[in-house]
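Some notes on the structure that comes next.
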Amino acid sequence: MNPELSEQEAIRRESLKELEKLGINAYPAEAYEVNISTSEIHKNFPTDSTLYQDISIAGRIMTRRIMGAASFVDLQDSSGRIQLYIKRDDICPGEDKTLYNTVFKRLLDIGDIIGVTGFVFITQMGEISIHVKSLKLLSKSLRVLPVVKEKDDQVFDAFSDPEARYRQRYVDLIVNPEIRDVFVKRSRIINTMRAFFNEKGYLEVETPILQPIPGGAAARPFITHHNALDMPLYLRVADELYLKKLIVGGFDGVYEFAKDFRNEGMDRTHNPEFTVLEIYVAYKDYFWMMEFTETMLERVAMSLHNQTTVQVGDRSIDFKSPFRRLTMSDAIMQYAGIDINGKSEDDLRLICKELGVETNPAMGKGKLIDAIFGEKCEEHLVQPTFIMDYPIEMSPLCKRHRSNPELTERFELFVNGKELCNAYSELNDPIDQLDRFQDQLNLSQKGDDEAMFIDMDFVRALEYGMPTCSGMGIGIDRLTMFMTNQPSIQDVLFFPQMRPEKKAPPAGDTDDAFVAIGVPEAWVPALRKYGFKTVVELKAANPNKLLNDLGGLRKKMKLDIPALKLEEIQAWVNSEK
RNA sequence: CUCUCCGUAGCUCAGCUGGUAGAGCAAAUGACUCUUAAUCAUUGGGCCAUAGGUUCGAAUCCUAUCGGGGAGACCA
């Protein structure tokens, strides 16, 4: 037995052995028939108590209340919980009461997965329960589950440490079942959107994640290496360019739910990998896309909540379309009191200084305007608001505004002070596109490490001709945060990125050092457990005391290794090494 | 990257201005045939994150490191 195990873990492994001796396989291979779920029982039994008189159900033991020859167990399946009533003489009708007395009471634990058959009834206390007629172990749990108790909606001893919850999401999901709901909703959000797109006849597609040029967005990429081709590849930061190539190829509408990767900071709204929906529709412009987007979001909200208002923190946000529309310069006028129209780069730099907005020399006109906007306006955009008509420098893939060549036909949707969507009338003029890429290159040389790479194949595709087109991207993680009222991106990702767990290296000498003076390898962990971290410490010990203490330890820990003799221990202590 | 708080039993947490650890749940043993945070009795369970330092003495004070939360910086 491994002395690293906690007492309770060791006991569970012992139980496993005892089950084996009783001829019970703790991990049986055969399927177990499940013909009902806990939620169906709770839903239908109150109105028709003749139902469910012969059922078979499986789940995890969450709590037990044992009262001698009868017990109550809370069984949890994927849909909820139900109480089991287990009576000794019902599951052990004959003389042999082993199944109840030994297997159920002693060898089963909280966390084990079992299957039961029986009938549904209501206890004297009024709780819908299953009267168990047979019980089968389906999987033994060797780790101790946190026990979360609840009474009158008050939760006791909640499993709440964020680190443990995110690292061991499986435990979180078992003991905090309300967490599941967020992920069920996340799935529904995606399904609602997918249905919306499919109804319109748009095609769901897949494009490369490994890209030779990480195009489509201004962001620092992850880089990797392909051995056979001996070349670098980047993890995509966006799928925009590939999807537009498909529009060139003749599809009227394409979309992709894509994992994107950005090698940037992590915080409450940023995970290194995240999910984005991008959709491109031919022969449309950004006005059309605004209507499309607000219709889509209204539909998502309705599908989740049966209403358009959604509670986000202490605010109520209404996704009822149409959303407010505001140009960027009007927003800055309204919230910062500054008219940016016709201002030069130097003027803007001065304005930033007056407003206390930080700048650096690498910032062009577009970034300066964006800085003012970010600092002064975003926080005010609580209800869904389209911000339109961005400066041209910030939007190298976006069509020039039809009435002002300094601007682009771009909008972003802000909700609760955060950006949620980004959309354009897509640039389809190949010559303009190449020029704009060239400008990005200049920015890059000026020190902007996020400026976009030039993708010549994309330019070539545009040279064949891309129809007018509008595209939109929306962060699915952020959308889920809003729609489920979660404050952190980690709460809408099953497995948020974490630093790897590091086991503290065992302090003191290595195993080999102990073995070198004659200590049997199997005894080394026991010695560590006992407190000897180095050979020097061990050799300073009294052999007689050691013999006694280690013998006691062996018994206590139920160590399956040969007992020690005094001569052996004396040999360690007297060893020359 | 900066600031700040945190890391004690399987889980949730006490542990004051230093004197080598406590509770509840969980576990073990026993009692109990309708309980539900079941109850009652007894018992076991800890490298107090890691490494240094101060001290006669450190879970406690100091420094560094690791991991995490929060705020900011950067960033879509």
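Labels below follow one simple rule: chain letters A, B, ... track the order of the sequence lines, proteins then strands, and each chain is numbered from 1.
Nucleotide B:C1 forms a pair with B:G72, judged by Watson-Crick or G-U wobble geometry with both contacts under 3.5 Å. Base pairing of B:C25: its partner is B:G10, meeting the Watson-Crick or G-U wobble criterion (both donor-acceptor distances under 3.5 Å).
Residue contacts shown for A:Ala158 are limited to sugar-phosphate atoms, with no base heavy atom under 4.0 Å away. Using a 4.0 Å heavy-atom cutoff across all strands shown, A:Phe121 reaches at least one base atom of the nucleic acid.
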Pairs under 3.5 angstrom, nitrogen or oxygen only, protein versus nucleotides 35-39 of chain B, please.
| residue | atom | partner | partner atom | Å |
| --- | --- | --- | --- | --- |
| B:U35 | O2 | A:Arg65 | NE | 2.7 |
| B:U35 | O2 | A:Arg65 | NH2 | 3.3 |
| B:U35 | O2 | A:Gln83 | OE1 | 3.4 |
| B:U35 | N3 | A:Gln83 | OE1 | 2.9 |
| B:U35 | N3 | A:Gln83 | NE2 | 2.9 |
| B:U35 | O4 | A:Gln83 | NE2 | 2.5 |
| B:U35 | O4 | A:Thr123 | OG1 | 2.8 |
| B:U36 | O4' | A:Arg65 | NE | 3.2 |
| B:U36 | O2 | A:Gln83 | OE1 | 3.3 |
| B:U36 | O2 | A:Glu127 | OE1 | 2.9 |
| B:U36 | N3 | A:Glu127 | OE1 | 2.6 |
| B:A37 | OP1 | A:Lys151 | NZ | 2.9 |
| B:A37 | O3' | A:Lys149 | NZ | 3.4 |
| B:A38 | OP1 | A:Lys149 | NZ | 2.3 |
| B:A38 | OP2 | A:Arg65 | NH1 | 3.2 |
| B:A38 | N6 | A:Ile66 | O | 2.7 |

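Between A:Arg499 and the phosphate of B:G68, there is a side-chain N or O to OP1/OP2 separation shorter than 4.0 Å. Of the side-chain N and O atoms in A:Arg106, one or more sit less than 4.0 angstrom from OP1 or OP2 of B:U29.
Residues A:Tyr390 and A:Glu412 bring a donor and an acceptor atom of their side chains to less than 3.5 Å of each other.
Applying a 4.0 Å cut-off to non-hydrogen atoms, the residues of residues 369-393 of chain A that approach RNA chain B are A:Asp370, A:Glu378, listed by residue number.
Residue A:Glu163 places no side-chain atom within donor-acceptor reach of the base of B:G67, judged by atom type and a 3.5 Å distance cut-off alone.
Nearest to the side-chain atoms of A:Ser160 among the listed nucleotides B:G10, B:A76, B:U12 stands B:U12.
The aromatic rings of A:His131 and A:Tyr85 sit perpendicular, their planes meeting at an angle over 60°, well past the 30° parallel limit.
The gap from the P atom of B:A26 to that of B:U12 amounts to 15 Å, rounded to the nearest Å.
Of all non-hydrogen atoms in A:Cys92 and A:Leu99, the two that sit nearest each other are SG-CB, 3.7 Å.
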